[in-house]
Amino acid sequence: MPTEFTKKVLMLIKNIPKGKVSTYGRIAKLAGNPKAARQVSWILHSSSKKYNLPWHRVINSRGEISIKSVESKELQKRLLENEMIEINSEFKIDLNKYHWDLQSIEEINTNKKGR
DNA sequence: AACCTGACGAAGA
DNA sequence: TTCTTCGCCAGGT
C-alpha cells in the first residue's frame, strides 16, 4: 500500500512535461516532505516500471544524472536527448533552462479542472 | 530491534 | 567552486 506521500510523488512525476526535468528534492518538497529526497529516489528505482513513470525526467539538484549503473545512465541520457534536452559530456543538464517550474501541487489540480 | 544502505541535499570548510 | 560531513526516510537483512 503506497503512502499518501508516495502517491503524491507518483502523481507529480507523471505530470512532469516532456522536455522538462525536475529534481528529487523538488518533488519531495511538493509532495509535502522537503527532507525526503532520498525516499523519492527509492520510489523511482523500485517502482518506475510498475507505474509507468517518466523516471528519466528526475535528476539531482546539481542538474546531473544521478544514477549508478552505467547502462541505465546512458539510457537516461538517450531518453532525455530524445526530448531535445541538452546534456554535456559529464551528464550535466542546465537546470535554468530545463527545470519544471511548478510552484505547488495545487497547480496540477487546477489545470486539470480547467481543462 | 539494530544496523546498513542509497538514482539526495544543505551547510561548512 | 569542489569535497566532506551530517541529517533524512524507509526498505532490506
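For clarity, every value in this text was computed on a predicted model and none was experimentally measured. Letters go in sequence order (proteins before strands), and every chain restarts at 1.
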Inset, instruction - Hey, which sits more toward the 5' end of DNA chain B by its nearest nucleotide, P34(A) or Q39(A)? - result: Q39(A)
Inset, instruction - State whether S41(A) places a side-chain N or O below 4.0 Å from either non-bridging phosphate oxygen (OP1 or OP2) of dG6(B). - result: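 Checking S41(A) against dG6(B): no side-chain N or O falls below 4.0 Å of OP1 or OP2.
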Between [N] atom [atom2] and [X] atom [atom1], what is the distance in whole Å?
| X | N | atom1 | atom2 | answer |
| --- | --- | --- | --- | --- |
| N60(A) | dA10(B) | CG | P | 10 Å |
| H45(A) | dC8(B) | NE2 | C1' | 12 Å |
| I59(A) | dG9(B) | CD1 | C1' | 14 Å |
| R62(A) | dA10(B) | CZ | P | 11 Å |

Legend entry - Test log, rule side-chain contact (heavy atoms from CB on, under 4.5 Å), inputs T6(A) and W42(A): CA-CA 10 Å; T6(A) 301; W42(A) 190 88; over 6 Å; no
Legend entry - Interatomic distance, I85(A) atom CD1 to R57(A) atom CZ [nearest 0.5 angstrom]: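 Reported value, rounded in 0.5 Å steps: 7.5 Å.
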Legend entry - I108(A) side, atom CD1; N15(A) side, atom CG - distance, nearest 0.5 Å: 4.0 Å
Inset, instruction - Answer whether the closest heavy-atom distance between the side chains of L102(A) and L12(A) falls below 4.5 Å. - result: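 SC-SC contact between L102(A) and L12(A) confirmed.
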Legend entry - N33(A) and Q39(A), any side-chain heavy atoms less than 4.5 Å apart: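 Side-chain contact under 4.5 Å: no.
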Inset, instruction - Kindly state which residues belonging to residues 74-84 of chain A come within less than 4.0 angstrom of DNA chain B, counting heavy atoms of the residue only, listed by number. - result: none
Inset, instruction - Pull out every residue in residues 66-73 of chain A that has a heavy atom closer than 4.0 Å to any atom of DNA chain B, ordered by number, or say none. - result: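 Going residue by residue through residues 66-73 of chain A, the ones with a heavy atom under 4.0 Å of DNA chain B turn out to be S66(A), I67(A), K68(A).
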Legend entry - Test log, rule side-chain contact (heavy atoms from CB on, under 4.5 Å), inputs I59(A) and E64(A): CA-CA 6 Å; I59(A) 60 182; E64(A) 298 165 331; over 6 Å; no
Extract all donor-acceptor atom pairs below 3.5 Å that involve side chains of residues 86-99 of chain A and protein atoms in other chains or at least two apart in sequence.
{"from": "E86(A)", "atom 1": "OE2", "to": "K97(A)", "atom 2": "NZ", "distance (Å)": "2.6"}
{"from": "E86(A)", "atom 1": "OE2", "to": "Y98(A)", "atom 2": "OH", "distance (Å)": "2.9"}
{"from": "N88(A)", "atom 1": "OD1", "to": "E90(A)", "atom 2": "N", "distance (Å)": "2.7"}
{"from": "N88(A)", "atom 1": "OD1", "to": "F91(A)", "atom 2": "N", "distance (Å)": "3.2"}
{"from": "N88(A)", "atom 1": "OD1", "to": "K92(A)", "atom 2": "N", "distance (Å)": "3.0"}
{"from": "D94(A)", "atom 1": "OD1", "to": "N96(A)", "atom 2": "N", "distance (Å)": "3.0"}
{"from": "Y98(A)", "atom 1": "OH", "to": "E86(A)", "atom 2": "N", "distance (Å)": "3.3"}

Can you give me every donor-acceptor pair (side chain of residues 18-32 of chain A, partner residue at least two apart or in another chain, under 3.5 Å) with its distance?
{"from": "T23(A)", "atom 1": "OG1", "to": "R26(A)", "atom 2": "N", "distance (Å)": "3.1"}
{"from": "R26(A)", "atom 1": "NH1", "to": "W100(A)", "atom 2": "O", "distance (Å)": "3.2"}

Legend entry - First and last nucleotide of DNA chain C, 5' to 3', lying under 4.0 Å from heavy atoms of chain A: dG7(C) to dG11(C)
Inset, instruction - Would you please test E107(A) and T110(A) for side-chain contact (heavy atoms from CB on, under 4.5 Å) and show each step? - result: CA-CA 5 Å; E107(A) 289 183 24; T110(A) 308; 5.5 Å; no
Inset, instruction - Could you check W55(A) against Q76(A) for side-chain contact (heavy atoms from CB on, under 4.5 Å), going step by step and ending with a plain yes or no? - result: CA-CA 8 Å; W55(A) 58 273; Q76(A) 182 168 10; 3.8 Å; yes
Inset, instruction - Within residues 8-33 of chain A, find the residues that approach DNA chain C with a heavy atom at under 4.0 Å, and present them sorted by residue number. - result: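 None - not one residue of the stretch has a heavy atom sitting under 4.0 Å from the strand.
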Legend entry - E74(A)/K77(A) ion pair, N-O < 4.0 Å: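 Salt bridge between E74(A) and K77(A), a charged N being under 4.0 Å from a carboxylate O: no.
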